[in-house]
> 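Quick one: structure below, then a few questions.
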Amino acid sequence: MILEGRVWKCGDNIDTDVIIPARYLNSTSPEELGKYCMADMDPDFAKKIVKGDIIVAGRNFGCGSSREHAPTAIKAAGISCVIAISFARIFYRNAINIGLPILECPQLISETYQHNILSVNLANGLIMDKSSNREYQAKSFPPFIQEIIKAGGLLNYVRRVE
Amino acid sequence: MAMTLTQKILAHHCGMENVEPGQLIMADVDLVLGNDITTPVAIKEFNTLGYERVFDNSRIALVSDHFTPNKDIKSAELSKQMKEFALEQDIEHYFEVGRGGIEHVILPEKGLVLPGELVIGADSHTCTYGALGAFSTGIGSTDMAAAMATGKCWLKVPEAMGIELRGKMGDWVSGKDVILYIIGKIGVDGALYRSMEFYGEGIKEISMDGRFTIANMAIEAGAKNGIFPVDETTLDYIKDRAQRNYNIFTSDKDACYCENVIIDLDAIRPQVAFPHLPSNTRDIDDVGEIRIDQVVIGSCTNGRIEDMQIASKILKNRKVHKDVRLIIIPGSQEVYLESVKAGYIEDFINAGACVSTPTCGPCLGGHMGILASGERAVATTNRNFVGRMGHSRSEVFLAGTAVAAASAITGKISSPEEVI
Ligand code: SF4
């Protein structure tokens, strides 16, 4: 699957309270959550997103709470993929489990610019920065996780094996 | 192959002799935990799986603690969904308001987590139970749904980071100061994906409540879990609580740690983590003059009986500063009742504090003490991210209970030594 979208850069340690503040957690509706994605960083973030856009972040993206509302809000806001230097571990597994593609690629953040156009090949982890014409290789998923993704997330995986 | 404590527990739960860091396993879980925020999402997903019943109605704990007693209609609907599911599935360990408290305080109290067990919870601070020599870690609602159906969870065996504790803690230093000091040293991703294994003679200095505080904040260094070896203190704690048989595992002498950090307890002063990261720590002596509007003592980090005792020692016969709100939230009904019996609650009220029924409350910015723009709080909670306790322009300073209580009296961030 090839994803294409504009870059939205953010820094290190973007935490789940920034991604979706707790005051919005009294809803479980993805649509509702999507509206408040990144609200405490930029209240208009969700409005500025064009479907398919890509978040490019620094270290430890998604640190903090276990709320699955965080990757859900990002996905519902229209973000197609998050590329970071590293992810906090619960966010990492939640993203996989709900089917939000995430990739670890340490070089990208320092070399790409806001609103550059990226093209991401999820199958092999190849990232193309179309604006700068540079290519990057992200770490690919371990086979076990590829299986979960192939099944369409954890729920399908569980449904399938039982 | 030599294994760490974490690896041994994981191996045991997937029926293997050996597991190695990086290996992916499908493990049997002893307990699955969820709360009023994460469980409703999991229930929705569980209902799509085609399983009529949960895998074991005595191995699931559902706790109403985050937005409860319900703060608004939307959160009341969430709690209702959880309650109805608990009734329908006959969940044995469903904790209603008034019969529980904060999940990570009550599960150990009720003997629902024991040494050597594997516990997952749809809450990041599930790592708290490592204090008891169990493997416990936070997962998402989808994982919770799958585990409620199958009793299993996929896990990646973490590398281990050894944290050796040496020496003795000084006056007014507690578990909170130890873990803030460690996070200040290694950073909020210093233990990313890893298991933090505590060892060394310094451990015996640390009370059970102090160990819960330390393990609770392992996630704040990015760790998958934090874990303590089982000793006299642990066994004492579980003696009258354990509801099941349990296994005690120990790390092999030659187990491999990818990194070793040595912490000299004597060198630790009371710590304060400045906004907006738990790693932004300073010694109390280097804090300077910082006036505050609110103090919160409570949460799954510091809402235990030891905290109530420390708070009462400082607050008894003193008055909360006129410009400050002090909110004290015992972590569970048990802690609350013990505090009433010991006279702590009376001390708090006489000092001018507000005492709340057990709840997460302001810890995650839910209710019971939300900050306005520009307001500053000292809190014994575990996160000081932007907007965590209210307005995105409010500030939270994290500290142990002693510093929090002392600050409530002086109106600025203060060492207990200034007050006593
Ligand atoms: S007290 Fe705070 S950190 Fe602990 S479970 Fe509740 S919201 Fe989470």
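The sequence lines fix the lettering, A, B, ..., with proteins before strands; numbering per chain opens at 1.
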> Check whether more than 12 heavy atoms from other residues, nucleotides or ligands sit under 6.0 Å from atom CD1 of Ile2(A), and answer yes or no.
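Enclosed.
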> How about CZ on Arg53(B), more than 12 heavy atoms from neighbouring residues, nucleotides or ligands closer than 6.0 Å, or not?
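Yes - once you tally the heavy atoms of other residues, nucleotides and ligands closer than 6.0 Å, there are more than 12.
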> Give, for atom CD of Glu45(B) and atom CD1 of Ile98(A), the distance between the pair rounded to the nearest 0.5 Å.
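If we round to the nearest 0.5 Å, Glu45(B):CD and Ile98(A):CD1 are 9.0 Å apart.
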> Counting C-beta onward and ignoring hydrogens, is there a side-chain heavy-atom pair between Ile90(A) and Ile219(B) closer than 4.5 Å?
yes
> Does the side chain of Ser86(A) come within less than 4.5 Å of Leu192(B)'s, by heavy atoms?
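Counting from C-beta outward, Leu192(B) and Ser86(A) do come under 4.5 Å.
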> Quickly, which of Asp143(B), Thr126(B), Thr38(B), Ile139(B) forms a side-chain contact (heavy atoms from CB on, under 4.5 Å) with Ser66(A)? Name it, please.
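Among the candidates, only Thr38(B) passes.
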> Select, from Arg383(B), Glu77(B), His276(B), the one with the greatest count of heavy-atom pairs under 4.5 Å involving chain A.
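Ranked by heavy-atom pairs under 4.5 Å with chain A, first place is Arg383(B).
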> Pick whichever of Phe46(B), Phe67(B), Tyr193(B) has the most heavy-atom pairs under 4.5 Å with chain A.
Tyr193(B)
> Return the minimal non-hydrogen interatomic distance between Ser124(B) and Ser65(A), and the atom names on each side.
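Scanning both residues completely, I find the closest heavy atoms to be OG-CA, 3.5 Å.
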> Considering only heavy atoms, which portion of Ile37(B) lies under 4.5 Å from any heavy atom of chain A: side chain, backbone, both, or neither?
both
> Among Ala39(A), Ala22(A), Ala88(A), which residue has the highest count of heavy-atom pairs closer than 4.5 Å to chain B?
Ala22(A)
> Look at Asp15(A), Asn94(A), Thr16(A) and state which one has the largest set of heavy-atom pairs under 4.5 Å with chain B.
Asp15(A)
> So do the side chains of Leu155(A) and Thr142(B) get within less than 4.5 Å of each other, counting heavy atoms only?
yes
> Hey, could you give me the CG/CE distance between Asn97(A) and Met144(B), rounded to the nearest 0.5 Å?
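Answer rounded to 0.5 Å: 14.0 Å.
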> If you round to the nearest 0.5 Å, how far is NE2 of His66(B) from CG of Asn26(A)?
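Output value for this atom pair is 13.0 Å.
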> Count the heavy atoms belonging to other residues, nucleotides or ligands that lie under 6.0 Å from NZ of Lys48(A), then report whether that count exceeds 12.
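Atom NZ in Lys48(A) is packed in, count exceeds 12.
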> Top residue by heavy-atom pair count (under 4.5 Å) with chain A, among Ser392(B), Ser141(B), Gly365(B)?
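Winner by heavy-atom pair count: Ser141(B).
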> At a 4.5 Å cut-off on heavy atoms, which part of Arg388(B) comes close to chain A: side chain, backbone, both, or neither?
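When you check distances to chain A, atoms from both the backbone and side chain of Arg388(B) fall under 4.5 Å.
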> Can you tell me which portion of Asp72(B) sits under 4.5 Å from chain A's heavy atoms? Options are side chain, backbone, both or neither.
side chain
> Quick check: are there more than 12 heavy atoms from other residues, nucleotides or ligands sitting under 6.0 Å from CD of Gln137(A)?
yes
> Does a sphere of radius 6.0 Å around CD in Gln114(A) hold more than 12 heavy atoms from other residues, nucleotides or ligands, not counting ones at 6.0 Å or beyond?
yes
> Where on Phe87(A) is there a heavy atom nearer than 4.5 Å to chain B: the side chain, the backbone, both, or neither?
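It is both, since atoms from each part get that close.
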> Which value, rounded to the nearest 0.5 Å, describes the distance between Arg89(A) atom CZ and Thr137(B) atom OG1?
3.5 Å
> Quick one: which of Arg59(A), Met41(A), Arg23(A) has the most heavy-atom pairs under 4.5 Å with chain B, could you say?
Arg59(A)
> Taking atom CD of Glu32(A) and atom NZ of Lys74(B), what is their separation to the nearest 0.5 Å?
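Taking CD in Glu32(A) and NZ in Lys74(B), the distance rounds to 4.5 Å.
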> Under 4.5 Å heavy-atom distance to chain A, tell me which part of Lys44(B) shows up: side chain, backbone, both or neither.
side chain
> With rounding to the nearest 0.5 angstrom, report the CG to CG distance, Leu364(B) to Asp17(A).
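With rounding to 0.5 Å, CG (Leu364(B)) is 7.5 Å from CG (Asp17(A)).
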> Would you say Trp154(B) and Tyr157(A) make side-chain contact, with heavy atoms under 4.5 Å?
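In short, these two side chains do not touch, never coming nearer than 4.5 Å.
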> Between Ala223(B) and chain A, which part of the residue has a heavy atom less than 4.5 Å away: side chain, backbone, both or neither?
backbone
> Would you mind checking which part of Leu277(B) comes under 4.5 Å of any heavy atom in chain A, side chain (CB onward), backbone (N, CA, C, O), both or neither?
side chain
> Does NZ in Lys83(B) sit with more than 12 non-hydrogen atoms of other residues, nucleotides or ligands closer than 6.0 Å?
no
> What part of Leu49(B) is in contact with chain A, defined as an atom under 4.5 angstrom from a non-hydrogen atom: side chain, backbone, both or neither?
both
